[in-house]
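As the structure is a computational prediction, the values presented were derived from the model and not from experiment. Proteins get letters first, then strands, A, B, ... in listed order; numbering begins at 1 in each.
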Number of protein chains: 2
Amino acid sequence: MRVSTRGRYGLRAIVDLAINQDSGPTPLRVVSERTKISEQYLEQLFTNLRKSKIVKSVRGAHGGYLLNNPPEDIAVKDVIEALEGPLAPSDCVLNRVCCDTNSDCVTHNLWVDVKEKIDNYLNSVSIADLIERYHNLSN
Amino acid sequence: MRVSTRGRYGLRAIVDLAINQDSGPTPLRVVSERTKISEQYLEQLFTNLRKSKIVKSVRGAHGGYLLNNPPEDIAVKDVIEALEGPLAPSDCVLNRVCCDTNSDCVTHNLWVDVKEKIDNYLNSVSIADLIERYHNLSN
DNA sequence: TTTAAATCTGAGTATTTTAATCAGTTTTAT
DNA sequence: ATAAAACTGATTAAAATACTCAGATTTAAA
């Protein structure tokens with residue numbers, strides 16, 4: 001039950017973008033320096049984030065990435081799903097066909113419920129929330 | 001964010017044991033037949049379940065496994081943790097040292113909260129609950 | 001007292017997933 | 001022109017997962 005580095009690194013990168021978004025597009029070189037995530041790995045992650053409309057890109061010299069929406073309107077769930085696909089404790093949660101070849105097997109609904117709990121929570125927390133909570137810690 | 005087959009298969013095996021526990025110890029051969037999980041893989045899983053006191057074993061001919069407690073008193077969380085160790089969306093949730101080498105990094109508390117949500121839910125559902133919910137579906 | 005059914009033990013292996021790199025091409029401000 | 005940046009697709013290395021294999025040990029019953 002682990003979120004992969006794609007999701008975790010990507011989320012940290014998005015938070016980094018959010019904090020520094022005033023100064024125009026941020027190149028991945030800079031995000032890489034600040035987050036210590038390799039630039040090439042970030043490129044891979046940002047391909048997904050762009051396709052999912054979490055960020056928009058500015059190509060060429062002085063280009064970089066910008067958030068496509070204000071941090072208040074980006075849920076953590078959006079970012080994680082962009083990078084990892086739908087969260088599912090078990091494959092049977094996504095497919096019609098159940099894990100047990102029995103369409104209403106004993107444990108199927110449990111995993112559906114677990115997914116719902118996680119989805120609801122990650123959908124309730126925005127990038128702005130993360131930043132605010134972080135600042136509150138320092139007080 | 002997936003529960004491995006260890007956890008999912010193990011849970012199904014425990015439910016199978018719970019349903020059939022009246023008739024004395026159940027050998028893994030029989031659990032294997034009913035659940036379609038290979039007997040050798042079940043052996044591996046039941047080693048963990050026994051060490052975690054979820055089941056007790058009766059060795060020798062006519063032996064098998066029994067639940068160590070009534071199904072009402074076994075939480076799904078107990079079974080999953082016995083088979084997979086503590087659930088953690090990120091390593092930093094378990095270690096003192098945070099993912100970001102910064103002891104209060106932006107995303108750390110998020111993963112702590114996710115773990116808490118999952119733990120609380122899986123702790124609130126017992127094996128007896130699973131069976132009851134399953135029977136209700138058939139009505 | 002042999003036999004067969006079962007748990008128990010530890011190793012080994014094949015597959016899949018994850019994490020990351022590599023080698024470029026294309027775009028664009030200066 | 002040049003340099004800085006996004007973009008693309010392939011490849012590789014490492015780790016985790018999902019098993020299997022080959023036995024040793026225990027015990028009820030014939």
Next item on the list: Fit a plane to each ring of F46(B) and Y65(B), take the angle between them on a 0 to 90° scale, and name the class: parallel (under 30°), tilted (30 to 60°) or perpendicular (over 60°).
Entry: tilted
At under 4.0 Å, does any side-chain N or O of [X] touch on OP1 or OP2 of [N]?
X      : N       : result
S4(B)  : dT17(D) : no
T47(B) : dT7(C)  : no
R29(B) : dA6(C)  : yes
R50(A) : dA6(D)  : no
Y9(A)  : dA19(C) : no

Item checked: Where protein sits on nucleotides 21-30 of chain D, one letter per nucleotide: B base, S sugar-phosphate only, - none, heavy atoms under 4.0 Å -> B---BBBSS-
Next item on the list: Kindly determine whether M1(B) and I80(A) satisfy side chain to side chain contact (heavy atoms under 4.5 Å, CB included), including the steps that lead there.
Entry: CA-CA 10 Å; M1(B) 276 295 267; I80(A) 300 296; over 6 Å; no
Next item on the list: Indicate, with a heavy-atom threshold strictly under 4.0 Å, whether Y65(B) touches base, sugar-phosphate, or nothing.
Entry: sugar-phosphate
Note to self: Give me the atom names and distance for the closest heavy-atom approach of K77(B) to N123(B).
What the structure shows: CB-N, 3.8 Å
Item checked: Residue T5(A), side-chain atoms from C-beta onward, closest of dT20(D), dA20(C), dA6(C) -> dA20(C)
Next item on the list: To the nearest Å, give me how far apart CG (L17(B)) and P (dT7(C)) are.
Entry: 10 Å
Notebook entry, point to check: Closest nucleotide of DNA chain D for S57(A) versus for M1(A): which of these residues is on the 5' side?
Noted result: S57(A)
